[in-house]
Protein chains: 2
Amino acid sequence: MGISDLIAGFIQEALEDSDGVLELQRSDLAQRFNCVPSQINYVMSTRFSPEQGYIVESRRGGGGYIRITRVRVDRETLLMHVINSLGDTLDLPSARAIARNLVDNGAISLEAGRTLLSAVSDAALRAAPRESRGAIRADVFKQVLIHLV
Amino acid sequence: MGISDLIAGFIQEALEDSDGVLELQRSDLAQRFNCVPSQINYVMSTRFSPEQGYIVESRRGGGGYIRITRVRVDRETLLMHVINSLGDTLDLPSARAIARNLVDNGAISLEAGRTLLSAVSDAALRAAPRESRGAIRADVFKQVLIHLV
DNA sequence: TTCATTTTGGTCAAAGAAAGTCAAAATTCA
DNA sequence: TGAATTTTGACTTTCTTTGACCAAAATGAA
C-alpha cells in the first residue's frame, strides 16, 4: 500500500472525527507523510473527487487551506443511480422528465431543478455546435447532479 | 486565517452592530491589528468592493475617515444587474466569484449557486470546442440567472 | 488670504506564503 | 513485459503582507 492510500486513510479518519468537514494545509500534510506537496493534489483528485462523494475547495496564499467536505449518502445513491443511467448524449424532453422526477422525489430542490433545466436549455447551448449539443447537455446535466450529491 | 480575514471579520461585526454604516480611521484600525495602514486598503478592495455589496468612501487630512456602507438591493435588481454586466464570454474564476457573491447576498440559494457552478465547470463543457467554451459558459450562466429572476 | 505644516488616507510594486499544474521517472499490477 | 498507477519536482498562479513614496484635507502662521 502506497503513501497515497495512507494519506487518503488519514483524511477519511479525520473526516469521521470532524463530522464531514475537514480543513488542512497542503504543506503540513505533505510534511507529516514525508512526501512532496503535489502528492496531496494527486490524492485529492484520485480519491476525493465529487464522483466519490467529496467536495474539495482550496485557497492559495498566506493562510491558504484545503477543505474537504463529505456529502451525505442518502441522496447520493439516488442521484448516482440517475447519473449512471445517463448516456453520452441527452435531449431536452428527457432532461425535463428526469429533472421533474428528481424534484418530485425530493432529491433536489425545485430551485435546483429549474436551474438545471435552464442550464441545458437550447438558449443556453446556442453557441454550441448542433452536433455536439446533446453531448454537452449530457455533460452539464451530469456535472450538476454530481455536484448536488 | 490571516490578518486580512480578521480585519474583515471585525468590520463585518461592527457593521452589524451599527446597522449598515461604519466610519473608522485607517491608522487606528491598523494599530489595533498590528499591521501597516495600507493593509486596510487591501482589505477594503478585496473584501468590501461594490461587487460584494459595499460602498467605501473616505477622506484624508485631519479628522479623516473611511466609511463603509452595506447596500442591500433586492434580489431582482441585483440579478438583472449581474446579468446585464455579463459579456459574451465568461471564464471560470469570474463565474465562481459572481456565484459566490450572489449566494452571499442571498440573491440565490447555496444549492442554486452550486448547481450553477457545476453547470459551467470545465467538466461540464468538455465536449464543447475550446474556442467556444467561454461563450457557452456565458450563455449557460445567463440563462440560469434569467430563469432564477 | 496665502502658504507651509501636519494629519490623514492612497498607490504600487516587491517580497512572501500557499496551493496548482504537468510531465517525467518510478513503481506496481495484470 | 506492458499498461496503469504513483511519486517527484520544476515551474506557475493566486493571495497576502509590507513599505516606500504620493496626494489630499485641515490648520495655523504670516
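Computed over heavy atoms, backbone and side chain alike; hydrogens, waters and symmetry mates excluded. Protein chains get the first letters and strands the later ones, always in sequence-line order, with residue 1 at the start of each.
Note: CG (B:L29) to C1' (C:dT8) measures 14 Å, nearest angstrom. Rounded to whole Å, atom C1' of C:dG10 lies 16 Å from atom CZ of B:R59.
The outermost nucleotides of DNA chain D lying under 4.0 Å from heavy atoms of chain A, listed 5' to 3', are D:dT5 to D:dT16.
Between B:F33 and B:I3, the closest heavy-atom pair is O-CD1, 4.1 Å. The minimum heavy-atom distance between A:R126 and B:D139, with the atom names listed, is NH2-OD1, 2.8 Å. In terms of heavy-atom proximity, A:V56 sits nearest to A:F48 at CG2-O, 3.4 Å. Nearest approach of A:S121 to B:Q143, heavy atoms of both residues: OG-CG, 4.0 Å. Closest heavy-atom contact between A:V103 and A:G113: CG2-CA, 4.0 Å. Closest heavy-atom contact between B:Q52 and B:T46: OE1-O, 3.3 Å.
For residues 21-28 of chain B, proximity to DNA chain C is found at B:Q25, B:R26, B:S27, defined as any non-hydrogen atom under 4.0 angstrom from a strand atom. If you check residues 31-43 of chain B against DNA chain D, the residues with a heavy atom closer than 4.0 Å are B:V36, B:S38, B:Q39, B:Y42, listed by number. Taking every heavy atom of residues 3-15 of chain A and every atom of DNA chain C, no pair lies under 4.0 Å.
Within the nucleic acid shown, A:G64 comes within 4.0 Å of sugar-phosphate atoms alone, with no base atom in reach, counting heavy atoms only. No contact: B:R67 has no heavy atom under 4.0 Å from any strand.
Residue pairs meeting the salt bridge (charged side-chain N to carboxylate O under 4.0 Å, His left out) criterion with at least one member in residues 7-17 of chain B, sequence neighbours excluded, are B:E16-B:R70.
Residue-environment remark: CG (B:N84) exceeds the threshold of 12 foreign heavy atoms within 6.0 Å.
Residues B:S109 and B:E111 bring no donor and acceptor atom of their side chains to less than 3.5 Å of each other.
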Output a table of donor-acceptor pairs, distance under 3.5 Å, between side-chain atoms of residues 87-98 of chain B and any protein atom two or more places apart or on a different chain; print 'none' if there are none.
from	atom 1	to	atom 2	distance (Å)
B:D91	OD1	B:S94	N	2.9
B:D91	OD1	B:S94	OG	2.6
B:D91	OD2	B:S94	OG	3.4

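Hydrophobic clustering places A:L110 together with B:L79 (ILVMFWY residues linked when any side-chain heavy atoms are closer than 4.5 Å, directly or through intermediates).
How far CE of B:M44 is from CD of B:Q39: 11.0 Å, rounded to the nearest 0.5 Å. If you take CD1 on A:I66 and CD1 on A:I11, they are separated by 8.0 Å, rounding to the nearest 0.5 Å.
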